[in-house]
Amino acid sequence: QKLPSPMDRIDDWFKILPRALQYWKVVPHKEDPLRVSLVPKDPPKGPLRKVMIFYPRKSTAYDISTTEIVIAFHDKGIPATFEVVNFDRKTARGNALIEEAERDGYALIFSTGSQSTAWLWKHRRNGKVPIVSVCSKDPVQLGQVKSYNRGSGVNFAFTSLNVLIGVQMAYLRTLKPKLKNIAILVDSKNISAVKTQALPLIEAARPDGIEAFQVAVQDPKTAKQELAELVPQAIERMRKTDPKLENSLFWITGSTSVFVEIKTINDHAGKVPVLSVVPEIVQKGPDSAVLSIGVSFQSNAQLAAKYGADIVSGRIRAPKVKVGIVSPPNIAVSFMRAKAIGLQIPFSLFEAADYIYGYDGRPLRIAGRDLLREAKAN
């Protein structure tokens, strides 16, 4: 009988992606089901530095970020071990974990997700251990730092999962030069998505006479049922100024409870294009957004990993680091969805896209790699 692998023994809150397993051994904690160690299989020379990756809850986005971080540390030859911990959004547990990091001389903490970053900013800034945010919404719009061009002045180095709103609007005007309506799909309880993705878009659209409005899920547990009612209601609202719905679109924010319901949204959106700020929601097959203009979890994590590696190596100091912004944004296109709704994708967006899925729904370009060209070359 086959023995269970280390991954099989980890509770389902954490999954590292398989491509990291060639470099890292996964060691579940015997006494704490919300904790796992990642140990290098072939450690570089030098003393191993301890790094903590701080989760608030289960999320595939956080797993992608962790995978990218540990691969980057391997590729850069930085001797390190990682403790991935889920503080479960409990203050006592969070404080105990950070006190452990300070007591045991951890070199770095990655604050994974907006909830972790907000908690650490509130409770543990000015701490002894430098912190790098990853997979977290914009710190300027959340009031955590005053501008993009200055550091935090404390033990935080921030990266942003957001695209600057002016850049986003420019791309939307390229897609729909006569844009009239943007229905913004958001989880009302996801405060960071409301503050950094919904409200700024509403403000940015107003001077151009574009009506942007929130379509807000009230309870994440009933998002599917709510969206089945909210999306048709939004269409009726858009028809008032755009009877043929030729210049209207849906915009999915980074609210997990919303974007996981992409099939439900598509089923009720009809011919109105469904776009997303999350590039990963443009994906293989029919259950996909038609277009995304945003920052992928992978790109953001690679930037955060660079910040973290430079801090651990002593090349930079967390208090002095400017906010890390991915530029240009990641653009993703599904021609399968575009064909299904009769949407013409401007050539400039096709040319700039990092991710492209063809008319049959299969990937043609992933992270800038031309898969067809690679297949022909092989």
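Position 1 is the first residue of the sequence; numbering continues from there. Quantities reported herein were computed from a predicted structural model and do not represent experimental measurements.
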Quick check: does any side chain N or O of [X] sit under 3.5 Å from a backbone N or O of [Y], one acting as donor and the other as acceptor?
{"X": "Ser296", "Y": "Ser299", "answer": "yes"}
{"X": "Ser188", "Y": "Val217", "answer": "yes"}
{"X": "Asn330", "Y": "Val295", "answer": "no"}
{"X": "Trp24", "Y": "Val70", "answer": "yes"}
{"X": "Thr67", "Y": "Asp63", "answer": "yes"}
{"X": "Ser255", "Y": "Ser257", "answer": "no"}
{"X": "Thr66", "Y": "Tyr62", "answer": "yes"}
{"X": "Ser111", "Y": "Ile131", "answer": "no"}
{"X": "Lys176", "Y": "Glu246", "answer": "yes"}
{"X": "Asn155", "Y": "Lys128", "answer": "no"}

How many angstroms lie between atom [atom1] of [X] and atom [atom2] of [Y], to the nearest 0.5 angstrom?
{"X": "Gln141", "Y": "Ser192", "atom1": "CD", "atom2": "OG", "answer": "10.5 Å"}
{"X": "Asp242", "Y": "Glu211", "atom1": "CG", "atom2": "CD", "answer": "11.0 Å"}
{"X": "Lys58", "Y": "Asp88", "atom1": "NZ", "atom2": "CG", "answer": "13.5 Å"}

[X]-[Y] co-clustered via ILVMFWY side chain contacts under 4.5 Å:
{"X": "Val215", "Y": "Ile191", "result": "no"}
{"X": "Ile325", "Y": "Leu142", "result": "no"}
{"X": "Leu161", "Y": "Val282", "result": "no"}
{"X": "Leu48", "Y": "Ile311", "result": "no"}
{"X": "Met169", "Y": "Leu249", "result": "yes"}

By ring-ring contact (aromatic ring centres under 6.0 Å, His included), which residues pair with [X], not counting sequence neighbours?
{"X": "Tyr148", "value": "none"}
{"X": "His74", "value": "Tyr23"}
{"X": "Phe213", "value": "none"}
{"X": "Trp121", "value": "Phe156, Phe158"}

Requested in this report: Start with the C-alpha distance between Tyr106 and Arg49, add both sets of side-chain angles, then the distance that settles side-chain contact (heavy atoms from CB on, under 4.5 Å), and finish with yes or no.
Outcome: CA-CA 7 Å; Tyr106 277 66; Arg49 310 298 299 276; over 6 Å; no

Flag if over 12 foreign heavy atoms under 6.0 Å of [atom1], [X]:
{"X": "Gln22", "atom1": "CD", "answer": "yes"}
{"X": "Arg373", "atom1": "CZ", "answer": "no"}
{"X": "Arg57", "atom1": "CZ", "answer": "yes"}
{"X": "Lys189", "atom1": "NZ", "answer": "yes"}
{"X": "Arg362", "atom1": "CZ", "answer": "no"}

Donor + acceptor pair across side chains of [X], [Y] (<3.5 Å):
{"X": "Tyr355", "Y": "Gln283", "result": "no"}
{"X": "Asn181", "Y": "Ser248", "result": "yes"}
{"X": "Lys224", "Y": "Thr264", "result": "yes"}
{"X": "Thr117", "Y": "Ser114", "result": "no"}

So does [X] pair up with [Y], basic N to acidic O under 4.0 Å?
{"X": "Asp208", "Y": "Arg173", "answer": "yes"}
{"X": "Asp32", "Y": "Arg93", "answer": "yes"}
{"X": "Glu236", "Y": "Arg239", "answer": "yes"}
{"X": "Lys221", "Y": "Glu226", "answer": "no"}
{"X": "Asp310", "Y": "Arg315", "answer": "yes"}
{"X": "Glu68", "Y": "Arg19", "answer": "yes"}

Between [Y] and [X], is there a side-chain heavy-atom distance shorter than 4.5 Å?
{"X": "Leu199", "Y": "Val194", "result": "yes"}
{"X": "Val51", "Y": "Glu83", "result": "no"}
{"X": "Tyr307", "Y": "Val321", "result": "yes"}
{"X": "Val277", "Y": "Val163", "result": "no"}
{"X": "Val167", "Y": "Leu164", "result": "yes"}
{"X": "Leu291", "Y": "Leu175", "result": "yes"}
{"X": "Pro139", "Y": "Ser133", "result": "no"}
{"X": "His268", "Y": "Leu227", "result": "no"}

Requested in this report: For residues Phe87 and Phe54, establish whether the separation of their ring centroids is below 6.0 Å.
Outcome: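 For Phe87 and Phe54, the ring centres are under 6.0 Å apart.
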
**Report entry** Within the 6.0 Å centroid threshold, strictly below: Phe73 and Phe82
**Finding:**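 Here the rings of Phe82 and Phe73 have centres that are less than 6.0 Å from each other.
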
Requested in this report: Would you list the pairs meeting side-chain hydrogen bond (donor to acceptor under 3.5 Å, both in side chains) in which at least one residue belongs to residues 38-47, sequence neighbours left out?
Outcome: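 side-chain hydrogen bond (donor to acceptor under 3.5 Å, both in side chains) check on residues 38-47 returns no pairs.
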
Query raised in the report: Can Arg365 be said to sit on top of Phe350's aromatic six-ring, NZ or CZ under 6.0 Å from centre and within 45° of the ring axis?
Result: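 Yes, Arg365 and Phe350 form such a contact.
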
Query raised in the report: Stepwise, does the side-chain hydrogen bond (donor to acceptor under 3.5 Å, both in side chains) test hold for Thr81 with Lys50?
Result: CA-CA 5 Å; Thr81 61; Lys50 290 184 177 181; over 6 Å; no

Which atom pair, heavy atoms only, marks the closest approach of [X] to [Y]?
{"X": "Leu97", "Y": "Met52", "value": "O-CE, 3.5 Å"}
{"X": "Trp251", "Y": "Ile293", "value": "CH2-O, 3.7 Å"}
{"X": "Ala216", "Y": "Leu230", "value": "O-CD1, 3.5 Å"}
{"X": "Ile165", "Y": "Ala204", "value": "CG1-CB, 4.0 Å"}

Sequence neighbours left out, cut at 3.5 Å: what donor-acceptor pairs do the side chains of residues 331-341 make with other protein atoms?
from: Ser334; atom 1: OG; to: Arg337; atom 2: N; distance (Å): 3.2

Report task. Could you walk me through whether Ser59 and Trp13 pass side-chain hydrogen bond (donor to acceptor under 3.5 Å, both in side chains), step by step? Result -> CA-CA 7 Å; Ser59 171; Trp13 69 271; over 6 Å; no

**Report entry** Full working for side-chain contact (heavy atoms from CB on, under 4.5 Å) between Val186 and Val258
**Finding:** CA-CA 6 Å; Val186 67; Val258 174; 5.7 Å; no

